[in-house]
Amino acid sequence: MELHGAGLTCSRVAAVATGQARVTIGSTDRARAAWATAQALTGPVYGQSTGVGANKDVEVAASGLDLLRSHAGGAGPLIEAERARGMLAVRLNQLLAGGSGIDPAVLPVLAEAINAGVTPPVRAYGAIGTGDLTALASAALCLLGEQAWHGGDGPRFALASSDGLPFISSGALTLADAALACHRLRGLLDAAVDVAAFSFTAAGASAEPLAAAVQEARPHRGQAVVAARLRGLLNGELAARVQDPYGYRAFAQVHGGALDALERAATTVEVDLNAAAENPLIDRSLAWHNGNFHSAPVALALDTLRAAVAQTAQLSTARLATLMEPGYTGALPFLADRPGASGLMILEYVAQDALAELRHLATPVTTGTAVISRGTEDHAGFATQAARYALRCVEPLEIVLACERVAAVRARRGAEPDRPLDGDLDAARLLLRPGGPTP
């Protein structure tokens, strides 16, 4: 996969992060132009001739490497290798977009690290949506040979003092997490339509709410896409009931809203994956001091996405509840094989546990802020947390949908004797993943 500062998508970040794609470097012209401009700058430049944060007015000289050492101070467990690899890919693409002023000779070294499968020792905690300083400082120290790469012997590069702030002035880890979350949630939201189709058939739900005339009367894009796809999976027959519960009747509206939220989030994230969001921005012979590092757009989009995921999961648990009811399936309660048996009763407990997790993860981060560095940094976007929580939504959403799928398949195939359902749920979860086994 060629990285050139443009065209990087959430799915491409996922491919590199999981080791499914190697990277090559396209044109470095923009990076080289910014570097040449940086060498010729005079006057005060933040992070070069001055300190950072509240030290912005303090004159310093060649303090860039000490900046890296002082900022490599994260806490908590090490993050997963794929998240760290995704961070390196995002930062490499951003640097290729130009504007940082970093030595362009570091770019092929970053590509070498990505392709070698080595990652920096990044700690879980240390950012609030105004730059992943601790994570990227750890990566810089690996390049300098002052920290060890994880996964093998990684490349070295003698970063200059002037490369210090330009290397770490980015939210690359936050964006990698956001990209991975959008990619994986897209796969699950797509699979959820197939699962809903199973339930529609099992419960004898009406396809009338999915009709084209209904969708044209309220033309939300996601709603129309979901309704059309579900219509194609069903036989189109009208059920005997005048109206079904919302889990069926309002599925296109709720799930369509989740698709719309996902599209907005992915579009927002992809803007920043390919942006020269540097501070200062080195461009047109000047250093432009600015706030492009601030993550408010990403945080807001991910807050909406997590809320939408919780809603679509809630409707899945609602459909699961109908599958336990004889009035909808014509079977015994809980799809049991004999009166009084528990059948699939436990699936509701599992699904509600996972749903509770999703509701917790949907709590918005954008209602909070932080004032740090002696008051000079007086707002935070917390997109770091928004992305982290979005990534955590993948597992409980998958579990909720797996519970519904197991019940819907049982309702269609017929009752079975009671037995542990762990294996059924594990198999259903695999079926929900892109490229999973064929049912």
Exam field: side chain Y46 to backbone G53, donor-acceptor pair closer than 3.5 Å = yes
Does F200 offer a backbone N or O that forms a donor-acceptor pair with the side chain of R319 under 3.5 Å?
-> no
Are the side chain of S169 and the backbone N or O of L165 linked by a donor-acceptor pair below 3.5 Å?
-> no
Determine yes or no for a side-chain-to-main-chain donor-acceptor pair under 3.5 angstrom, with D303 supplying the side chain and A386 the backbone.
-> no
Could you tell me whether the side chain of D272 and the main chain of L175 form a donor-acceptor pair under 3.5 Å?
-> no
Check: Q314 main-chain N/O paired with T317 side-chain donor or acceptor under 3.5 Å = yes
Search all heavy atoms of L323 against all heavy atoms of A407 and return the closest pair with its distance.
-> CD1-CB, 3.8 Å
In terms of heavy-atom contacts, D132 and A172 come closest through OD2-N, 3.3 Å
Got a donor-acceptor contact below 3.5 angstrom from the Q147 side chain to the A72 backbone?
-> no
Between E404 and S316: side-chain donor-acceptor atoms closer than 3.5 Å = yes
Salt bridge check: are D260 and R221 linked by an N-O gap of less than 4.0 Å?
-> no
Distance in Å, F334 CZ paired with E348 CD, rounded so as to fall on 0.5 Å steps | 6.5 Å
Atom of M1, atom of A15 and distance for their closest heavy-atom approach = CE-CB, 4.2 Å
Could you grab the distance from atom CG of L315 to atom OG of S199, nearest 0.5 Å is fine?
-> 11.0 Å
Run the salt-bridge test on D190 and R229 with the 4.0 Å N-O cut-off and return the result as yes or no.
-> yes
Worked check of side-chain contact (heavy atoms from CB on, under 4.5 Å) between L159 and V106 | CA-CA 8 Å; L159 291 166; V106 74; 4.0 Å; yes
Please answer whether the main-chain N or O of R12 pairs with a side-chain N or O of T9 as donor and acceptor at a distance below 3.5 Å.
-> yes
Test: R85 and E82 ion pair at under 4.0 Å | no
Is there a donor in the side chain of S206 and an acceptor in the side chain of D244, or the other way round, less than 3.5 Å apart?
-> no
How are the rings of H379 and H294 set to each other: parallel, tilted or perpendicular (split at 30° and 60°)?
-> parallel
Counting N and O atoms only, with roles assigned by atom type, does the side chain of D177 sit under 3.5 Å from a partner on the main chain of R388, one being a donor and the other an acceptor?
-> no
Is it true that E398 and R433 make a salt bridge, defined as a side-chain N closer than 4.0 Å to a carboxylate O?
-> yes
Count the heavy atoms of every other residue, nucleotide or ligand shown that sit under 6.0 Å from OH of Y246, and state whether that count exceeds 12.
-> no
When you check the gap from the basic side-chain N to the acidic O, do R231 and E208 get nearer than 4.0 Å?
-> no
Shortest non-hydrogen contact between L78 and P121, atoms and distance | CD2-C, 3.7 Å
Separation between CD of E112 and CD1 of I25, rounded to the nearest 0.5 Å = 10.5 Å
Sequence-distant partners of R69, salt bridge (Lys or Arg N to Asp or Glu O under 4.0 Å), two or more places apart = D66, E146
Between D337 and E416 the two heavy atoms that sit nearest each other are CB-O, 3.5 Å
Any side-chain donor paired with an acceptor under 3.5 Å for S170 and Q94?
-> yes
Do the side-chain N and O atoms of N93 and N274 include a donor-acceptor pair separated by under 3.5 angstrom?
-> yes
So with a 6.0 Å cut-off around NE2 of H289, is the heavy-atom count from everything else above 12?
-> yes
R184 side chain to V394 main-chain N or O, any donor-acceptor pair under 3.5 Å?
-> no
What's the shortest heavy-atom distance between A261 and T304, and which atoms?
-> CB-CG2, 4.0 Å
If you measure from the Lys or Arg side-chain nitrogens to the Asp or Glu carboxylate oxygens, is any gap between E357 and R306 under 4.0 Å?
-> no
Mark yes when over 12 heavy atoms from residues, nucleotides or ligands other than R419 sit less than 6.0 Å from its CZ; otherwise mark no.
-> yes
Look at R392 together with E395 and state whether they make a salt bridge at an N to O cut-off of under 4.0 Å.
-> no
Indicate yes or no: at least one non-hydrogen side-chain atom of M87 is less than 4.5 angstrom from one of V122.
-> yes
When you check the side-chain N and O atoms of H255 and T312, is any donor under 3.5 Å from an acceptor?
-> yes
Do Y125 and T134 have a side chain donor and acceptor closer than 3.5 Å?
-> no
